[in-house]
Peer 1: 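Right, I'll just put the structure down here and ask away after.
Please read all numbers here as calculations on a predicted model, not as lab measurements. Residue numbering restarts at 1 for every chain, and letters A, B, ... go by the order of the sequence lines.
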Amino acid sequence: MSEVRVRFAPSPTGFLHIGSARTALFNWFFARHMGGKFFLRIEDTDKERSKQEFLEEILSSLKWLGLDWDGELVFQSKRTEFYRTQAQKLIDKGLAYPEENAIRFRVPKSGKVGFEDMLHGRIEFDLEQHGSLAEDLVIFKSDGSPTYNFAVVCDDADMGITHVIRGDDHIMNTPKQIPVYEALGLKPPIFCHIPLILGADRSRMSKRHGATAIREYLEQGFLPDAIVNYLSLLGWSPGNNEEILSREELVKKFDLSRVLKTGAVFGKDKLEWVNGQYVRKLAVPVLTDLLLPSLKKRGYAPETWDRVWLEKLVTLHHERIFMLAQFPDLAQFFFDDKIEYDQVAREEFLRDPRLKDAFLKYAQTLEGLASFDTKSVEEASRALMKALGLTGKEFIHPC
RNA sequence: GACCCCAUCGUCUAGCCUGGCCUAGGACAUCACCCUUUCACGGUGAUGACGCGGGUUCGAAUCCCGCUGGGGUCGCCA
């Protein structure tokens, strides 16, 4: 088989959505696994909604996830002449016609249109009983730009795309695109419609289900490798019980034919667990560097703090962090003396009458220590604890 | 509504193609216990699923049909 060529084709009309990222990821895995090419095409034919900031956001999110692409970016907005040439071919053949300022493609009105989907097998549509397929397809809008369904066909063929891996919300677009391929005398690619990522109510994931933009996960302190790992497990599995897999292992094991046909609910609990697994694998100096931004965001200036001390602090919390942004809350007592005490904790832990003189005694005990080191502090603490008749929990929380 | 897709624990999934090894395995979450002077990490265990009904077969989670349920699409948006 010839070289595999796939593409991810986002529209710069919003941030990179977690679902789109998963589609991009599966394309990328497939390309890298097969030793093929992964291209990026920017579908910016909607002049109103396409924004430069969104394009930058999408590209930086892809880079953050480690999804590198081959070749130059392809901008649909720069290829209008190409689409126009293609449309003219159809007009010349009598397969398309101008209507007002738009151009419509004459779609076949009877018979069947079908295709062999890599995941679903044969999917077929009966044109006579399918309402939305009956109307002639607009391929050029009256503002002079091509429509999605037309530009996609022209580009996928022109770019030599061999496999179109996209969300299954595109299944109904496929019977619109296939006749265009045929009319243009082009060979359709292999289609593979993968299920969408769902929210808790099993409808396609959107803002009301929680964070959907990749950048939000970055801000909350998720690690890109963890996101990649978690996303790869949504709708796919290596076939055994392995769950924590490195990027290299994923590329090696990824098999498009093992992708599930069922939509998967995005579960933050498990993502957090996966992220925690990755956090624990990090070396302390590396983790410390990753923690700096969250500290700065809180208004602290960690770069002025003693590095050795900071790393000790990070070591102390290493096992507790599952999202980087938690750190300032977790460790605030060590670097912020202006914090408010926890009212609930106060009620829960300070009511015990046995604690009455505990603070004073503890302070005296510590002051009387010959040397202030881990061993003697611990021994003195244990002794006092025992003398007061307190358990570890009763003693540690208040003191 | 029409068309299309889908259907294993609460969630992510293994098993399904190539029926028997499945009294359905793993993970997250939950609960209990262990470890631990707190929390957390780690360990052990518990709860928990083949949507329903018909077939086919000696035998079905696995194959077929129907039903039900859920989702998606019906733009000069992409």
Peer 1: As a test of understanding, state which of A:Asp70, A:Asp155, A:Thr162, A:Asp156 forms a side-chain hydrogen bond (donor to acceptor under 3.5 Å, both in side chains) with A:Arg7.
Peer 2: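 Checked A:Asp70, A:Asp155, A:Thr162, A:Asp156 against A:Arg7; only one passes side-chain hydrogen bond (donor to acceptor under 3.5 Å, both in side chains): A:Asp156.
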Peer 1: Charged N to carboxylate O below 4.0 Å: is that the case for A:Arg5 and A:Glu3?
Peer 2: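 Yes.
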Peer 1: Using a heavy-atom cut-off of under 4.0 Å over every strand shown, decide if A:Gln277 touches base, sugar-phosphate, or nothing.
Peer 2: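 If one applies the 4.0 Å heavy-atom cut-off, A:Gln277 turns out to touch the sugar-phosphate alone, with no base involved.
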Peer 1: Within this structure, what is the CG-to-P distance between A:Asp46 and B:C76, rounded to whole angstrom?
Peer 2: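 In whole Å, B:C76 P lies 13 Å from A:Asp46 CG.
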Peer 1: Which whole-number value in Å describes the distance from A:Met323 CE to B:C28 P?
Peer 2: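 Nearest whole value for this atom pair: 17 Å.
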Peer 1: Taking the P atom in each of B:G69 and B:C77, what is the distance between them to the nearest angstrom?
Peer 2: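 Looking at atom P only, B:G69 and B:C77 are 36 Å apart.
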Peer 1: Is any side-chain N or O of A:Gln177 closer than 4.0 Å to OP1 or OP2 of B:A78?
Peer 2: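 A:Gln177 to B:A78 OP1/OP2: no side-chain N or O under 4.0 Å.
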Peer 1: Under the ring pair (Phe, Tyr, Trp, His ring centres under 6.0 Å) test against A:Tyr230, which residue among A:Phe266, A:Trp273, A:Tyr278 passes?
Peer 2: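 Passing option: A:Phe266.
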Peer 1: Could you tell me how far apart A:Met118 (CE) and B:C5 (P) are, to the nearest whole angstrom?
Peer 2: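 These atoms are roughly 18 Å apart.
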Peer 1: If the C1' atom of B:A7 is compared with that of B:U23, how far apart are they to the nearest Å?
Peer 2: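 Comparing C1' positions in B:A7 and B:U23 gives a spacing of 24 Å.
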Peer 1: I'd like the C1' distance from B:A32 over to B:G48, given in whole Å.
Peer 2: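 It works out to 15 Å between them.
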Peer 1: With rounding to the closest Å, how many angstrom separate the C1' atoms on B:U13 and B:A24?
Peer 2: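 After rounding to an integer number of Å, I get 13 Å for this pair.
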Peer 1: Quick one: on RNA chain B, does A:Ile321 or A:Ile123 contact a more 5' nucleotide (nearest heavy atom)?
Peer 2: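 The residue mapped nearer the 5' terminus is A:Ile123.
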Peer 1: Kindly say whether the aromatic ring centers of A:Trp69 and A:Phe39 come within a distance under 6.0 Å.
Peer 2: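 No, too far apart.
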Peer 1: Rounded to whole angstroms, how far apart are CG on A:Asp117 and C1' on B:G72?
Peer 2: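 These atoms are roughly 14 Å apart.
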Peer 1: For B:C35, which nucleotide is its Watson-Crick or G-U wobble mate, given both distances must be under 3.5 Å?
Peer 2: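 Result: none.
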Peer 1: If pairing requires Watson-Crick or G-U wobble contacts with both distances under 3.5 Å, which nucleotide is the partner of B:U11?
Peer 2: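 B:A27 - that is the nucleotide pairing with B:U11, both distances being under 3.5 Å.
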Peer 1: With respect to the phosphate group of B:C77, does any side-chain polar atom (N or O) of A:Arg49 fall under 4.0 Å of OP1 or OP2?
Peer 2: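 For A:Arg49, the contact criterion (side-chain N or O under 4.0 Å from OP1 or OP2 of B:C77) is not met.
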Peer 1: If each of A:Asp201 and A:Asn101 is mapped to the nucleotide of RNA chain B with the nearest heavy atom, which maps nearer the 5' terminus, i.e. the 5' end?
Peer 2: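 Final value for this comparison: A:Asp201.
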Peer 1: Measure from NZ or CZ of A:Arg104 to the centre of the six-membered ring of A:Tyr97 and say whether it is under 6.0 Å with the direction within 45° of the ring axis.
Peer 2: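 No, a cation-pi geometry is absent between A:Arg104 and A:Tyr97.
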Peer 1: Under 4.0 Å: is that the gap between some side-chain N or O of A:His170 and OP1 or OP2 of B:A78?
Peer 2: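 Negative; the distance criterion is not met.
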Peer 1: Rounded to the nearest 0.5 Å, what separates atom CG in A:Leu256 from atom SG in A:Cys192?
Peer 2: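 It comes to 4.0 Å.
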Peer 1: For B:C67 and B:C4, measure between their P atoms and round to the nearest Å.
Peer 2: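 Going atom to atom, P in each nucleotide, I get 13 Å.
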Peer 1: So what does A:Glu100 touch, heavy atoms closer than 4.0 Å: a base, only the sugar-phosphate, or nothing?
Peer 2: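 Contact class for A:Glu100: base.
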Peer 1: Can you check the A:Asp143 CG to B:A78 P distance for me, whole Å?
Peer 2: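 In whole Å, B:A78 P lies 9 Å from A:Asp143 CG.
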Peer 1: Would the A:Phe150 and A:Phe105 ring centres measure less than 6.0 Å apart?
Peer 2: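 Here the rings of A:Phe105 and A:Phe150 have centres that are no less than 6.0 Å from each other.
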Peer 1: Between B:G55 and B:G75, how far apart are the two C1' atoms, rounded to whole Å?
Peer 2: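 One C1' to the other, the span is 45 Å.
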Peer 1: Atom CG of A:Leu282 to atom C1' of B:C41: distance rounded to whole Å?
Peer 2: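 After rounding, the gap between these two atoms is 15 Å.
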Peer 1: On a whole-Å scale, what distance lies between the P atoms belonging to B:C65 and B:C6?
Peer 2: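 My reading of the P atoms in B:C65 and B:C6 gives 12 Å.
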Peer 1: May I ask you to say whether A:Glu219 pairs ionically with A:Arg215, meaning some side-chain N is under 4.0 Å from a carboxylate O?
Peer 2: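 Here A:Glu219 pairs with A:Arg215 in a salt bridge, since their nearest N and O are under 4.0 Å apart.
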Peer 1: Determine whether the aromatic ring centres of residues A:Phe254 and A:Phe30 are separated by less than 6.0 angstrom.
Peer 2: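 No: the rings miss the under 6.0 Å criterion.
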Peer 1: With both distances under 3.5 angstrom, what nucleotide forms a Watson-Crick or G-U wobble pair with B:U18?
Peer 2: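 Across all strands, not a single nucleotide pairs with B:U18.
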Peer 1: Could you tell me how far apart A:Asp168 (CG) and B:A78 (P) are, to the nearest whole angstrom?
Peer 2: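 Whole-Å distance recorded here is 20 Å.
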Peer 1: So, does A:Thr45 get its side chain near the phosphate of B:A78, meaning an N or O under 4.0 Å from OP1 or OP2?
Peer 2: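 The answer is yes; a side-chain N or O of A:Thr45 sits under 4.0 Å from OP1 or OP2.
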Peer 1: How is A:Asp126 classified with respect to the nucleic acid when contacts are heavy atoms under 4.0 Å: base, sugar-phosphate, or nothing?
Peer 2: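 Nothing, no heavy atom under 4.0 Å.
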Peer 1: Check whether any side-chain nitrogen or oxygen of A:Lys141 sits under 4.0 Å from OP1 or OP2 of B:C77, and answer yes or no.
Peer 2: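 The answer is yes; a side-chain N or O of A:Lys141 sits under 4.0 Å from OP1 or OP2.
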Peer 1: What nucleic acid atoms does A:Ser145 come within less than 4.0 Å of, heavy atoms only: base, sugar-phosphate, or nothing?
Peer 2: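 Nothing, no nucleic acid heavy atom in range.
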Peer 1: When you compare B:G71 with B:U8, how far apart are their P atoms, in angstrom units rounded to a whole number?
Peer 2: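 Their P atoms lie roughly 15 Å apart.
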Peer 1: Nearest of B:A78, B:C4, B:C6 to any side-chain atom of A:Asn149?
Peer 2: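 Ranking B:A78, B:C4, B:C6 by closest atom to the A:Asn149 side chain puts B:A78 first.
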Peer 1: State the pairing partner of B:C50; accept Watson-Crick or G-U wobble contacts with both distances under 3.5 Å, and report none otherwise.
Peer 2: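 Check on B:C50: unpaired, no WC or wobble geometry under 3.5 Å.
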Peer 1: Mind jotting down which residue pairs meet the side chain to side chain donor-acceptor pair (under 3.5 Å) criterion with at least one end in residues 173-185 of chain A? Sequence neighbours excluded, please.
Peer 2: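 Residue pairs passing side chain to side chain donor-acceptor pair (under 3.5 Å), neighbours aside: A:Asn149-A:Asn173, A:Asn149-A:Gln177, A:Arg166-A:Thr174, A:Arg166-A:Gln177, A:His170-A:Asn173, A:Thr174-A:His193.
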Peer 1: Using purine N1 to pyrimidine N3 plus N6-O4 or O6-N4 for Watson-Crick, or N1-O2 and O6-N3 for G-U wobble, both under 3.5 Å, which nucleotide pairs with B:U73?
Peer 2: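 Checking every strand shown, B:U73 finds its partner in B:A2, with both distances under 3.5 Å.
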Peer 1: Between protein and nucleotides 12-20 of chain B, map the contacts as a letter string: B base, S sugar-phosphate only, - none, heavy atoms under 4.0 Å, written 5' to 3'.
Peer 2: BSSS-----
Peer 1: The side chain of A:Trp273 is closest to which nucleotide in this list: B:C28, B:C3, B:C76?
Peer 2: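 Within the option list, the nearest is B:C28.
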Peer 1: Please report the distance, rounded to the nearest Å, between CE in A:Met172 and P in B:A78.
Peer 2: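 That distance rounds to 18 Å.
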